[in-house]
Amino acid sequence: MGLLCSRSRHHTEDTDENTQAAEIERRIEQEAKAEKHIRKLLLLGDLSAVRVNPENLLFLSRQIKLLFQTGFDEGELKSYVPVIHANVYQTIKLLHEGTKEFAQNETDSAKYTISSENMETCARGNELQVPDCTKYLMENLKRLSDLNYIPTKEDVLYARVRTTGVVEIQFSPVGENKKSGEVYRLFDVGGQRNERRKWIHLFEGVTAVIFCAAISEYDQTLFEDEQKNRMMETKELFDWVLKQPCFEKTSFMLFLNKFDIFEKKVLDVRAEAYFYLCRYTRISFYIDENARICFHKTLFILSDVLRFR
Amino acid sequence: MASGCAERGGCPSDFVAVSIAVICFFVLLSRSVLPCLIHKAPRTNSSSFWIPVIQVVSSFNLLFSIVMSVNLLQFKSNRWRQYCYLWAVWVEGPLGFGLLMSCRITQAFQLYFVFVKKRLPPVKSYIFLPLVLLPWIFGATIIHVRKPLSPECHMGLQWTFPVAGLHGLYVLALIAFTRAVRHVEFRFDELRDLWKGILVSGASIVIWVTAFVLNEIVTTVSWLQVASRFVLLVTGGVLVVVFFSISSNQPLLSQISLKKREHFEFQRMGLALGIPDSGLLFRKEEFRPVDPNEPLDKLLLNKRFRHSLMEFADSCYAGETLHFYEEVYEHGKIPEGDCIRRIYMARHIMEKFIVAGAEMEVNVSHKTRQEILTTQDLTHPDLFKNALNEVMQLIKMNLVRDYWSSIFFIKFKEDEGCDEAMHKEGWSFSSPRMSSVQGSDDPFCQEHMSKSSTSRCSSPGP
């Protein structure tokens with residue numbers, strides 16, 4: 001603001017100039033110091049709606065808003081209504097189209113009726129591109145369609161929005177462990193293939209990369225390419241990111257999220273789950289001595305589940 | 001002595017012919033390479049780059065094979081005789097004339113499918129080209145096996161006519177494809193140049209084939225030998241230059257990408273096709289203040305708003321959504337009956353936005369993408385409807401919410417001179433998008449820095 005004011009001055013006296021110059025220099029120093037404290041975090045991966053699980057403390061843009069920034073007020077919550085409604089319409093449309101497709105290809109087409117309670121199509125939801133919140137949306141349909149509907153925080157977190165381009169969030173953590181003056185800048189990018197060519201713009205000066213992989217998606221195909229399995233794609237993507245030369249000294253955090261969905265899926269009696277998981281859990285990493293890769297504890301639970309199966 | 005030089009090669013006319021051929025080849029090279037160098041056309045892996053390259057190579061092969069196989073130059077050693085089959089059969093046939101003709105036939109085939117059948121060609125060009133070349137390879141193999149060539153590298157009567165026939169057949173095939181597209185009104189004068197080129201090259205081919213036949217058959221009359229050699233090489237040189245020049249000025253193929261053309265003053269396909277510019281500056285509705293509560297579809301019709309949103313999107317690396325919207329909007333403005341312009345625009349949009357790996361690929365689902373790429377009708381007005389819906393969803397849910405609190409909107413408002421809208425409710429809450437304008441130029445950034453560092457960061461207020 002000081003700079004703007006000084007620009008509009010027309011008379012230039014010596015003392016004024018000196019104070020202005022000093023002020024500018026002070027600000028530059030302040031900014032430089034502030035920059036040193038800013039940690040740049042990249043949030044990468046094939047993301048869809050990442051949900052918070054309090055025990056696991058997984059972050060995402062909306063989570064961070066909730067936890068570190070001002071949170072959502074009523075106006076903001078209301079602004080999510082079109083998003084949630086759009087999700088509902090899209091889900092219904094996808095289920096409807098999927099039902100027609102399945103009914104066409106199978107002899108026993110009567111079981112695929114179009115209603116919110118019908119579970120047959122939902123059971124084959126992995127073949128369609130329906131979002132994970134399908135069941136939640138269908139269960140809460142009455143509440144969501146109310147005229148005076150105000151979304152709850154959970155509704156907002158479930159709402160699925162594909163990120164395009166780059167979103168930047170700045171926050172300072174609170175709590176006993178935080179160092180004073182620490183500021184984090186989180187960059188959230190889209191995960192689809194066309195969005196990945198934009199990632200390269202952000203690869204300089206990164207403190208840490210948070211790579212999110214949804215382990216519940218082992219039996220789903222990509223949104224932008226229905227011939228590729230999501231887990232294979234994520235694995236290859238992670239490999240590629242690790243091998244980037246600019247990340248030689250960067251820390252990596254691999255988050256395997258959607259674990260609750262994964263649990264439910266695996267316990268559902270499907271032999272294919274075991275087959276998929278055996279193929280995809282052998283991930284080879286490229287680790288440098290200075291960089292560290294931190295594994296979230298869910299990785300270890302994964303191997304327990306395998307043994308159980 | 002005359003008969004000596006006629007048999008061994010090295011007559012004055014031969015040297016003249018060789019020098020003319022060399023000049024022709026350099027002209028060809030310059031015409032093919034210079035436009036790329038001057039206009040810095042990017043190298044792509046598409047057929048639009050490789051087919052001209054293959055043409056240049058095959059032209060060189062043709063000329064070189066003529067020089068080597070027709071006794072034009074005197075060689076000290078006689079080793080070249082052993083390679084007679086290499087030059088006169090393989091290099092001249094499948095790798096020379098055959099390849100040259102096949103390239104043009106491939107291009108004409110693609111043009112035929114796009115403009116007459118109105119769909120994308122079912123066979124990729126890198127598969128089609130070898131297929132078309134097969135008869136030549138087959139013929140060359142037969143000749144190689146039967147070995148009918150005389151020590152002076154001449155074929156007998158019984159072989160010359162089939163070979164000349166094969167040459168003629170390919171020329172006829174090219175003419176046939178061109179006739180199939182003759183009633184299409186191309187926008188960029190492709191057909192006119194094609195006919196011009198075909199006439200000239202047709203004439204030179206006739207002369208060339210005659211000379212070839214004479215050279216092969218009438219081996220006893222020495223002046224005829226010399227003359228036919230000369231004519232053979234000179235017309236060969238003229239043929240390759242004229243044949244290629246059809247494509248370097250006005251590409252036959254869907255090189256409707258304007259980079260390779262001389263119409264460099266057009267920045268957008270819409271302008272090149274003559275689609276009226278969207279949104280005049282002096283229409284009344286432009287002066288209405290922009291109300292964020294209006295539906296996005298209506299707001300986007302306002303050109304200045306659209307451009308401001310486009311700049312914002314570009315700054316946070318999501319610009320392809322708005323560019324796609326604009327180009328599809330222009331596509332929608334093309335009148336129903338005008339199939340040709342629709343096809344040009346549709347192909348341009350597909351290559352720029354839809355094809356996987358395109359420079360400005362948009363974020364659409366697999367199903368939508370496949371529907372567009374495998375469409376049976378390139379002229380359908382609703383070809384991009386589903387893709388546009390998906391992109392609009394992205395813009396609505398993602399970009400617009402952040403746009404209202406960005407400095408681009410502020411600048412837009414300042415330009416419009418409406419300050420009241422700055423205090424609109426529900427405007428200050430979304431997170432700031434990364435903007436290319438950072439640091440001291442960004443008023444919000446300054447406010448951040450001046451706050452005490454232990455306080456929690458809050459999103460910028462109005």
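As the structure is a prediction and not an experimental result, all values here were calculated from the model. Basis for what follows: all heavy atoms, side chains included, without hydrogens, waters or symmetry-related copies.
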Hey, which of A:Asn194, A:Asp225, A:Thr221 has the most heavy atom pairs under 4.5 Å with chain B?
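Sorted descending by pairs with chain B, the first entry is A:Asn194.
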Once rounded to the nearest 0.5 Å, what's the spacing between atom OG of B:Ser365 and atom CG of A:Leu222?
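B:Ser365 OG to A:Leu222 CG: 12.0 Å, rounded to 0.5 Å.
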Determine the sole option in B:His366, B:Glu361, B:Arg369 for which the side-chain contact (heavy atoms from CB on, under 4.5 Å) test with A:Glu224 is passed.
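With A:Glu224 as partner, side-chain contact (heavy atoms from CB on, under 4.5 Å) holds for just one option, B:Arg369.
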Side chain proximity check, A:Glu226 to B:Gln370, heavy atoms < 4.5 angstrom
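The answer is no, as the side chains (C-beta and beyond) never meet within the 4.5 Å cut-off.
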Just wondering, are more than 12 heavy atoms of other shown residues or ligands nearer than 6.0 Å to NZ in A:Lys228?
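Counting neighbours around NZ of A:Lys228, more than 12 heavy atoms of other residues, nucleotides or ligands fall under 6.0 Å, so yes.
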When you look at NZ of A:Lys198, are more than 12 heavy atoms from neighbouring residues, nucleotides or ligands closer to it than 6.0 Å?
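Atom NZ in A:Lys198 is packed in, count exceeds 12.
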Where does A:Glu195 contact chain B at under 4.5 Å (heavy atoms): side chain, backbone, both or neither?
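Just the side chain, heavy atoms under 4.5 Å.
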So what's closer than 4.5 Å to chain A heavy atoms on B:Glu320: side chain, backbone, both or neither?
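The answer is the side chain of B:Glu320.
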Heavy-atom distance under 4.5 Å to chain A: side chain of B:Ala358, backbone, both or neither?
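Interface part for B:Ala358: backbone (N, CA, C, O).
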Starting from the C-alpha separation in whole Å, work towards a yes-or-no answer on side chain to side chain contact (heavy atoms under 4.5 Å, CB included) for A:Val189 and B:Tyr317.
CA-CA 10 Å; A:Val189 291; B:Tyr317 302 111; over 6 Å; no
Closest approach of A:Gln90 and B:Gln393, non-hydrogen atoms and distance?
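Of all heavy-atom pairs spanning A:Gln90 and B:Gln393, the closest is NE2-OE1, 3.6 Å.
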